[in-house]
Amino acid sequence: MILQLNVIRKRKLRKKMQKYCPQKIEVKWQKQWEKDNVFVAEDYSKKPKKYILVEFPYPSGAGLHVGHVRSYTALDVMARMYRLRGFNVMYPIGWDAFGLPTENYAIKHKIHPKIATQKNIAIFKKQLKSLGISYDWSREIDTTDPDYYQWTQWIFLKFFEQGLAYKHKMPVNWCRSCKIVLANEEVVDGRCERCQGEVEKREKEQWMLKITAYADRLVDDLDTVDYLEKIKAQQINWIGRSEGAEVNFEIDQKFNYVILHGYGATKENSFYCWLKAELEKRGHRVQIPQLPNTNNPDILEQIEFVKKNVKFDENTILIAHSLGSVVAMKVLEGLKRPIYKYVSVGGFVTPEFLDNHKRPFVKTFNWRYNFEKICKKIIKIRILRDIKDHKIPSEQADKIKDAIGGKIIDGTGTAKHFLGKLEPLVLEHSLEQLKIFTTRPDTLYGATYMVVAPEHEIIKNYQVRITNYSEVEKYVKKAKTKSDLERTELQKEKTGVEIRGFKAVNPVNGEKISVFVADYVLSTYGTGAIMAVPGHDQRDWDFAKKYKQKIKTVVQSKVASKDKAFAGEGIAVNSKIIDGLETFAAKKKITQWLEKNNYGRKAINYKLRDWIFSRQHYWGEPIPIIHCETCGTVPVPQKDLPVRLPDVKNYEPTDTGESPLATIKDWVKVKCPRCGSDAKRETDTMPNWAGSSWYFLRYCDPKNLKAFADERKMQYWMPVDLYNGGMEHTTLHLLYSRFWHKFLYDQGLVGTPEPYARRTSHGMVLAEDGRKMSKSFGNVINPDEIVQNEEGGGADTLRLYELFMGPFSEAIPWSMDGIKGIRRFLEKIWVVYQEKEMIKCGGSCARVNKSLSILLHQTIKKVGEDIENMNFNTAISQMMIFINQASQQEKLPVGAMKIFLILLSPFAPHMAEELWEKIGNQESILKENWPKYNSKILSEEQINLIIQVNGRVRDTIKINRGISQENAVKLAEQSNKVKNFINRQEIKKVIFVPDKVLNLVV
RNA sequence: GCCGGGAUGGCGGAAUGGUAUACGCGUUGGACUUAAAAUCCAAUGGCAUUUUAUGCCGUGAGGGUUCGAGUCCCUCUCCCGGCACCA
């Protein structure tokens, strides 16, 4: 009878039950949420803030990828949970829309990239909304919006003001097919990251950002943030800091030195005496003409004097201090044949001193030069600047460099204005030396030859001294025409040519050693020259064997081998001053020795290069700079920002490598903001990485017209509490944005040194065949297909599946069968909530169903903890366990089932809302609180105590938690199974882990 | 070569030093059905057995620590990711 009644009741319920139609309920709730503005983050709310961020997408024509969905839903689950836990959550989204794919699309289809971008954004937006992700759409940003990119330009100008954005002529990576300069980061295995085309080297003037100035802090500050270990490791690896020493090897050539003193100085005063002595000690010839009227100089008189009394030739090195540099330049101007080197020590070219009034000669001097002529008279130029100089403004060095070229060496004199009794910097640059970098200064005694890169300046500079120049030149030319790809592909066999005509001197033992040119030495790392220690470096060993150079052992090894270099650490041998020392101590001691004797110093080198910031393309932020013939490089004044991208007929880059902007004459032509004369705009644009380097700040205050973001708002929201993105951005975007943020921090514009408190990465979603999803393989899954599939899909199904497929940070192949399982799970929930009888439990669900209640609290605990640790897959498993048990009950306590819906709501928000409504709630589930678990209920669970004999499981007994060891042993001894194994032997030892295991050792 | 992370059923994967294989997929059997699909129930690491219950073996390989090891230590193999002639 009762049975029959149940059947009738069930049938009635079945009639009432609706089919699960995800499409219907999902759209319904999405509209509702939008209407109620439920996901808008409130500035300055009293609730604790939580800034959750995902990398904003590039709105490509291909639409949303299932990989995007994985990252976005994962963080959506977190955002939704934190809201339920009472946090003021900001979860924003926007568009990183400048860049090549859109430009290429524009070229192909003759559509303005702005229009293509807007179209793509609309598609992405629709797709994202169909997933029910709880973004705060009111903070949407677009990097291509002039209101946005004016601030990208503004920040660039800050870099420029601080000297961290500079123009530099350099060999750059040039992609032949994209016709674009690539950053080092965009070259993968010598090929263009985008088109796989070959990359060649071209000399070009480029805008650079001085990220190397932040290298140390970018490494060190990783200790202050919570990033996945592998992300930290990759960043450290990429920056590639190595500590070692710089060592100078003197060249064994003799030179004729001429020293021109400065204002008020004499031939005998200290500065020159020490230098003369040092140079003569080394066998060089030194002349110091005493300039006439040193306290009241007349420039013409001094020039005539020098011309008359000094003989210049191709071996002359001219060192001029202070006012001597003015005389020197004038003398050089009039020379017939070039000298070798000019060293300006605290020199200047225009009459701007810090103590102008004390200098009567300022007015009498002729300050006009013919720089072109001067340039032709010098092969090598060094400009030494004392950054603490009290007489000469530091811009003077830059002015000399602008006028005649050369290299500025910044340093501090032992006394101001390089007037000390021995100035190491002056000595170092007066001498002719090869500077090298090594991480193993302890092997210096084992250096038996040296190698310079084909690009090294010594080759050009020493043309007249190199006896086999044509052979060397041939090798260099060949090496330079090789692309990076060719150079690395042919790396097996090392090649090189000995440079004849001079030798280098090993400072520790005075040995004269040969210098080679070889392309296994890179011009871009260290100093472009190395000391070769074939005994302890495999590359040098290979080269030495081929070119028959000596191999010396200077570090003792236990694993001595005749056909391999020993590169490990050990005891120094055959190394006079460091013999017997361990590597670490040996390095320290020899470095100290080098420093003391002016042969070198401790040094740090980085693999990281400065960031090439120019692109010769249309679809990017114009670099806000104006070139004026009289004023030079002038920043666009802030009131003229943004520099808008003009419309152009043709988006293709020009064959000269200039941006298409260069073809718009009206746009390029502009008045100089400083002097008002005709000037030209910079036509290069910024790389794709610019806009994304600061976008997380703009979300704090997306509509601000007066600043990139309001200080107080940033104070409230920053730093980002959780930032998730792909591993592929670890060395590019992540590093760049940390760099920008640190720079802004130094400028006092943001409040924290690091932008992201925690950084995680999602694993890639692979295709079912285990390969990458790609159009060319035809294995791409479109999320729309899943969302719109009525029978087996829906947004909730897709969301859950993407999180259930495997550990969040690992790459997992897609599985259509896996989706089926998730949809079944959702259907099961649907059925449980409609078919089962819900019992009111008046505060205690445990009274209605104790075991389900215990399971519920286990589930509350596990789901909450798992979400925080991003173990979404196991959180979902736990919910499945709960539903499986619930589905086997006739009657369910309604309180427990409500709580379960709250747990489910971050994962399957639409279903949770719908069922929440169906079981009779008026208000949205979003207004609920995240449940807390009750540890008392958890402790009431009966557990299986494992009984082991000699460490092997023999039985389990059901017990209440908290059983004592005594009682446990008593119970165990009653078990027949256990008795058999004890077999009347004596129990020697009892190991008892409460509530887990009892081990009897016999 | 260097740096990181891995290796667990037929598959995706779970396991604070304490019952290895949770959860899902698949497979097999059963129920429902004229039938199929869907759904529901049950079984599902291997081997052995005159005791169907019990034993033994099992987390890439080999050693070790421990009452007890997928988990810790040492050696090695393979796979994935990053860097790479970086001195």
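Note that this is a predicted model, so its numbers are computed, not measured. Order of the sequence lines sets the chain letters (A, B, ...), proteins ahead of strands, with each chain counted from 1.
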Charged N to carboxylate O below 4.0 Å: is that the case for Glu457(A) and Lys435(A)?
no

One thing to verify: whether Lys546(A) and Glu493(A) come together as a salt bridge, which I'm taking to mean a side-chain N less than 4.0 angstrom from a carboxylate O.
yes

Check: [X] side chain, [Y] main-chain N or O, donor-acceptor pair, under 3.5 Å:
X	Y	value
Lys232(A)	Leu222(A)	yes
Arg601(A)	Leu594(A)	no
Tyr547(A)	Gly496(A)	yes
Asp995(A)	Gly962(A)	yes
Asn605(A)	Ser242(A)	no
Gln889(A)	Gln885(A)	yes

For nucleotides [N] and [M], find the distance between their [atom1] atoms and express it as a whole number of Å.
N	M	atom1	answer
A38(B)	G29(B)	P	15 Å
G58(B)	U71(B)	P	13 Å
G64(B)	C83(B)	P	41 Å
U19(B)	A69(B)	C1'	14 Å
A37(B)	A31(B)	P	14 Å
A20(B)	C56(B)	P	12 Å
G13(B)	C80(B)	P	15 Å
U44(B)	A61(B)	P	25 Å

Separation of atom [atom1] in [X] from atom [atom2] in [N], rounded to whole Å:
X	N	atom1	atom2	result
Tyr525(A)	A87(B)	OH	P	4 Å
Ile881(A)	A15(B)	CD1	C1'	12 Å
Leu228(A)	G6(B)	CG	C1'	15 Å
Gln235(A)	G4(B)	CD	P	16 Å
Asp955(A)	U54(B)	CG	C1'	13 Å
Ile239(A)	C2(B)	CD1	C1'	17 Å

Step-by-step salt bridge (Lys or Arg N to Asp or Glu O under 4.0 Å) determination, Asp226(A) to Arg759(A)
CA-CA 6 Å; Asp226(A) 175 20; Arg759(A) 164 76 187 198; over 6 Å; no

Under 3.5 Å for both distances, Watson-Crick or G-U wobble, that's the pair rule; now give the dot-bracket for RNA chain B, with | marking pairs to another strand and [ ] for crossing ones.
(((((((..(((.....[....)))((((((.......))))))((((.....))))..(((((..]....))))))))))))....

Looking at the angle O4'-C1'-N9-C4 for a purine or O4'-C1'-N1-C2 for a pyrimidine, is G9(B) syn or anti, with syn meaning within 90° of 0?
syn

May I ask you to list the residues of residues 803-823 of chain A, by number, that have any heavy atom positioned under 4.0 Å from an atom of RNA chain B?
Phe804(A), Met805(A), Pro807(A), Ile812(A), Asp817(A), Lys820(A), Gly821(A)

Nucleotide of [options] approaching [X] most closely (side-chain heavy atoms):
X	options	result
Ser877(A)	A22(B), C56(B), A87(B)	A22(B)
Gln948(A)	C25(B), C41(B), G18(B)	G18(B)
Trp238(A)	G26(B), G18(B), C83(B)	C83(B)
Val1001(A)	C67(B), C41(B), A87(B)	C67(B)
Thr874(A)	U19(B), C23(B), A15(B)	A15(B)
Asn884(A)	A87(B), G18(B), C23(B)	C23(B)
Lys607(A)	C83(B), A22(B), A87(B)	C83(B)

Is a donor-acceptor contact shorter than 3.5 angstrom present between the side chain of Lys494(A) and the base of C85(B)?
yes

Indicate whether OP1 or OP2 belonging to A14(B) is found under 4.0 Å from a side-chain N or O atom of Asn873(A).
yes

Counting just side-chain N and O atoms, does Arg952(A) come under 4.0 Å of either OP1 or OP2 of A69(B)?
no

Within a 6.0 Å radius of atom NZ on Lys772(A), are there more than 12 heavy atoms belonging to other residues, nucleotides or ligands?
no

Hey, which sits more toward the 5' end of RNA chain B by its nearest nucleotide, Gln234(A) or Gly951(A)?
Gly951(A)

Does the separation of the ring centres of Phe516(A) and Tyr449(A) fall below 6.0 angstrom?
yes

At 4.0 Å (heavy atoms only), tell me whether Thr524(A) reaches a base, stays on the sugar-phosphate, or touches nothing.
nothing

